[in-house]
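Report on one structure; see the data block that follows.
A note on names: the letters A, B, ... follow the listed sequences, proteins ahead of strands, and every chain is numbered from 1.
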Amino acid sequence: MENLISFEWSSLLPEITLFCGAIVILITEAFLPKRAVLINVFSAAVAILSVVLGVLFARDTVAFNGTLGASGGFGIFITACALLSILLGYGFSAKGGKKGCEFSAVLLISAAALSIFVRAQNLMLAFVALECATISLYALSAWNPNKATSLEASAKYLVNAAVSGGLFLLGIAFIYGSGLESKVDFLAYENFTLGLGKVSFVLGILLVVSAGLFKISAFPFQFWSPDVYQGSPTPTSAFFAVGSKAAGVVFLAKVFMALDFSAVPHLADRGVLAASVIAALTIAVGNLGGLTQTNVKRLMAFSGISNAGYLFVLLTAGLKLGSTSTNLFEITLYFYLAAYMFANYGIFFVINQFDGTDDSNLNISDFRGLIKKSKISEASMVVNLASLAGIPPTAGFFGKLLILMMAWYAQLYILMAVMILGSAASIFYYFSWMRATMDVPEGNECKFEKMRSVAPTILALSLATLLFGVSLIKM
Amino acid sequence: MHDIFGIILNAGVYAPFVAAIIMIAFWQFISNGLAKFLSVLSALILATSGVVIWAFASVNDSMLQYLLAESSVDSILPTFALNGVSLPMYLLAGLVGLAATLQASNAKIKNVKLFYFLLMIMLGGLAGAFASVNVVWIYAFHEFALVPTFIAMVLWGSAGGRLAAMQMAIYLTIGALVSLIGIIAIYSQSGAESFGLREILIAVSSAPLSAQWQYVIFGLLLFGLGTLVSLFPFYSWAPRTYATAPTAFAMLHAGVLKKFGLYLLIQLALVALPLGVSAWSQTMAVLALVNIVFIGLVTMAQRDLKMMVSYSSVAHMGVCFLGIATMSILGVGASIIFMFGHGLSVALMLMLSTAVVNRTGEWEMKKMSGLYKQTPVLASFFLAGTFASLGLPCFANFWGELGVFVALWDFSPVVCAIAATGIIISAIYGLRAFAAVFMGEPSETFAPRFSEVADLTLKEKIPALILVVALVFVGFYPKSITADINSFFNAPSVQSTQTK
């Protein structure tokens with residue numbers, strides 16, 4: 001007989017650890033309000049424990065009657081993001097930001113929820129997990145409550161995310177409704193293929209995918225991201241840029257891979273065409289928007305949009321190739337996401353060292369003379385911007401190489417051309433920024449306060465960017 | 001014997017990287033002088049390794065046969081080996097690298113350590129690009145140069161360097177990415193096991209690509225790599241880059257890095273895509289003629305000495321493309337010799353024109369006449385460099401140009417005749433520049449400062465001498481390089497792809 005005990009709870013251990021860790025942090029803080037370092041070390045321990053548990057128990061298992069899939073590389077990825085953001089948050093409080101460790105707690109909850117969102121094998125579970133993560137993110141983006149920009153960002157995210165949540169839910173309703181007649185649960189990914197013949201199901205999938213597009217800030221749902229990244233405190237912007245976006249990408253990848261068009265070939269062509277258009281427009285919007293941008297956090301947002309575009313090229317290729325290329329597809333996806341994480345956090349750690357808690361007006365010109373102020377930060381800017389621009393031997397280049405190879409196999413030649421033009425355009429803003437760090441300072445730059453405590457992290461991220469790609473070359 | 005040469009080759013490629021890593025790891029403890037010493041030492045190791053392999057490794061040595069080395073799958077590190085095409089290029093990287101590193105000690109700059117660090121990264125990348133046997137590594141090593149050159153142009157470039165740096169970065173990235181698509185296409189269409197040159201060659205010799213694919217892929221490579229070599233119409237980045245970049249970087253860029261595109265066309269495209277090359281050869285010839293004639297005329301119109309030298313290097317690239325367009329062994333072989341000679345001569349000319357500009361404080365040629373009386377040594381080197389670029393006998397460039405023109409006659413007499421006008425054009429601008437700078441009487445504005453102009457110092461003579469000696473040596477004894485090139489074309493694997 002089935003009861004609560006009989007479920008495979010061990011499979012959920014990584015997320016349970018994160019949730020419990022968050023609760024312990026909240027309780028501890030009530031008694032030890034001034035021990036930020038201690039609590040951060042504790043959150044790191046929780047995160048590492050969660051990763052270990054994930055590797056031990058949640059691999060290759062499908063639990064809870066098939067609603068929860070295995071925790072693959074994403075569990076490790078999102079926990080790493082949370083850890084890096086907690087570190088950023090520590091620096092943020094140290095330079096005068098809001099004190100208190102709720103930030104770490106909420107971040108851990110958000111990471112756990114995103115992990116479940118990606119592991120879900122059923123749209124209903126995915127929706128609930130996504131909402132849990134999104135509500136945490138509202139709080140995180142308002143983490144700088146004395147600054148209007150932060151509150152504005154939070155409100156903007158709230159409104160936009162509510163719309164996307166509504167779309168998701170509407171999609172679920174359509175999908176569920178289309179299965180009522182035949183008593184098939186179309187919300188389960190495994191049954192997607194059966195539903196493709198029904199119009200209402202296809203409509204529902206489109207709505208769900210739209211919600212995913214919002215999450216990864218792809219065209220036409222990219223408007224929120226520059227404003228929200230700009231206004232949010234830097235640790236949250238970084239988590240938006242990497243963690244939340246990656247979750248959306250992996251979720252979309254799972255949905256796309258679950259759709260098997262072999263029974264309905266006419267839909268396959270249209271699906272690939274629609275995905276190609278979205279990918280091309282996302283790349284165009286991201287890179288064209290980036291060209292005129294001088295605000296660094298908005299620039300990171302546009303860079304994030306264009307990267308969402310490159311990832312969407314990969315998703316399109318995956319959609320077209322279907323299950324024939326699952327292996328290379330997954331390698332490419334995680335490799336690109338990891339490269340993207342190293343480069344983004346490498347840059348956000350530098351941004352976070354500028355004086356003041358409100359860096360929403362930090363400009364490229366404020367980076368002038370960075371080369372004299374901190375060698376490690378300068379090295380990080382050069383290496384990580386080169387990685388985002390896709391210059392060998394950095395990891396970003398190999399990520400792009402893999403995506404281009406997948407696109408070649410899928411015969412998406414026009415998308416490859418768009419990707420190359422986009423990358424070429426992006427050289428302009430990435431290298432302008434790099435050039436600014438080497439220019440002679442004019443004295444009116446924002447003050448840069450070197451934090452020695454983050455130097456090892458920055459160094460590690462830059463080295464990872466530099467050497468990670470080389471590990472791939474033997475392919 | 002293979003092992004010994006293998007060790008020497010690895011030592012040569014890694015030497016600049018090791019110097020760079022030592023510099024970055026012990027940044028605080030390394031003085032400017034030590035950084036300079038480390039750089040010169042590693043450049044010397046690289047140059048020596050090139051000379052030793054070139055002088056002692058015999059043609060029958062397994063290492064010089066067509067890239068016999070498999071790109072090792074187990075190792076993360078790249079595998080290095082040379083063949084008849086890559087050996088001259090590797091030697092060129094060593095010689096120009098040594099000259100550029102020595103030249104750098106003359107530059108009066110701030111932040112000396114960073115300068116040498118970037119120079120070593122670039123030099124190591126160049127050596128690695130020509131020595132690697134895996135196309136992805138070749139490509140990646142080539143791109144090592146982009147960011148260092150960009151930084152060097154921003155930090156130490158002359159007026160206009162910031163803008164030129166951005167232009168260069170965008171052009172080179174587009175070119176590199178377009179050719180990357182071509183490389184991916186060759187790899188996936190040939191069904192090769194890996195990106196190794198040898199694996200690709202094996203795959204295409206048993207099952208050549210279809211004519212359609214060869215046409216498309218070579219088109220991608222021609223325009224992608226052509227941008228890197230400043231083939232018309234995507235050449236405008238090159239002159240400004242060479243004129244504004246710090247001289248050592250400009251020497252490496254114009255002398256060695258630019259040959260990379262041609263190198264890959266010969267090493268990869270000519271072997272894997274023979275039908276594609278022949279389909280594009282007419283287009284390639286026309287574009288190359290535009291390079292020779294049109295950009296030659298643009299060069300004639302230049303008044304700025306460094307811009308003149310930079311434009312002339314763009315114009316000369318047309319000859320190399322013509323050699324490849326003939327698709328004959330003579331033409332391609334001669335184009336390799338020309339690449340070798342041109343790399344040395346353009347590096348020499350860039351170095352000497354910087355010397356002239358620094359001494360006179362003027363950029364315009366007309367304002368610095370009569371220098372011969374004050375600087376006889378500089379003038380003689382300059383004349384030697386000019387003669388070499390003109391393709392006069394006694395210099396390596398001569399054999400290259402001669403071979404290309406002979407091969408062109410069979411390809412198309414008309415193209416040959418038009419290309420020959422390039423010699424006249426380059427004679428006009430080369431000799432006119434020499435006359436303007438060194439002959440005649442000093443102009444009125446310049447006369448008061450005239451007596452302060454000093455001749456080349458020993459630190460400048462040594463790098464100039466290295467380049468001139470190499471030019472003259474190959475000029476008198478071309479067989480020292482052609483023997484290696486022949487071994488490439490006579491290799492059974494290459495022959496088999498050409499006959500199919």
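Atoms CG and CD1, from B:Leu172 and A:Ile427 in turn, are 9.5 Å apart once rounded to the nearest 0.5 Å. The CH2 atom of B:Trp156 sits 9.0 Å away from the CE atom of A:Met438 when rounded to the nearest 0.5 Å. Rounded to the nearest 0.5 Å, atoms CD1 (A:Ile391) and CZ (B:Phe144) are 12.0 Å apart. To the nearest 0.5 Å, atoms CD1 (B:Ile170) and OG (A:Ser423) are separated by 12.0 Å. To the nearest 0.5 angstrom, A:Lys400 atom NZ is 7.5 Å from B:Leu177 atom CG. Rounding to the nearest 0.5 Å gives a distance of 11.0 Å between CD1 of B:Ile181 and CE of A:Met405.
Under the 4.5 Å side-chain criterion, counting only non-hydrogen atoms from C-beta, A:Phe431 is in contact with B:Val147. The closest side-chain heavy-atom distance from B:Arg162 to A:Asp439 is below 4.5 Å. At a threshold of 4.5 Å between non-hydrogen side-chain atoms, the residues B:Val216 and A:Tyr413 do not count as touching. Looking only at side-chain heavy atoms (C-beta outward), A:Leu401 and B:Ile184 come within less than 4.5 Å of each other. Annotation: side chain of A:Phe397 is not in contact with side chain of B:Glu143 (no heavy-atom distance under 4.5 Å). Side-chain contact between A:Pro392 and B:Tyr139: present, with at least one pair of heavy atoms (C-beta onward) separated by less than 4.5 Å. Contact annotation: the side chain of B:Leu155 approaches that of A:Ile371 to within less than 4.5 Å [non-hydrogen atoms, C-beta and beyond].
A donor-acceptor contact shorter than 3.5 Å is absent between the side chain of A:Arg435 and the backbone of B:Val154.
Residue A:Thr437: no heavy atom, backbone or side chain, is found under 4.5 Å from chain B. With a threshold of 4.5 angstrom between heavy atoms, A:Val440 does not approach chain B through any atom at all. For a residue to count as touching a neighbouring chain, one of its non-hydrogen atoms must lie under 4.5 Å from one of that chain's; by this rule B:Ile183 does not touch chain A. Heavy atoms of B:Leu146 lying under 4.5 Å from chain A belong exclusively to its side chain. Contact annotation for B:Ala165: neither backbone nor side-chain heavy atoms come within less than 4.5 Å of a heavy atom of chain A.
The aromatic rings of B:Trp213 and A:Trp408 lie tilted to each other, with the angle between the two planes from 30° to 60°.
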*For side-chain contact (heavy atoms from CB on, under 4.5 Å), just list the numbers for A:Ile420 and B:Thr173, CA-CA rounded to whole Å, side-chain angles, deciding distance to a tenth of an Å, and then say yes or no.*
CA-CA 9 Å; A:Ile420 283 182; B:Thr173 308; over 6 Å; no
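Your options are B:Ala176, B:Gly125, B:Ala169, B:Ser188, and the one with the most heavy-atom pairs under 4.5 Å with chain A is B:Ser188.
Within 6.0 Å of the CD1 atom in A:Ile414, the count of heavy atoms belonging to other residues, nucleotides or ligands does not exceed 12. In the displayed structure, A:Asn444 atom CG is contacted under 6.0 Å by more than 12 heavy atoms of other residues, nucleotides or ligands.
The two residues B:Met166 and A:Phe428 make their nearest non-hydrogen contact at CE-O, 3.5 Å.
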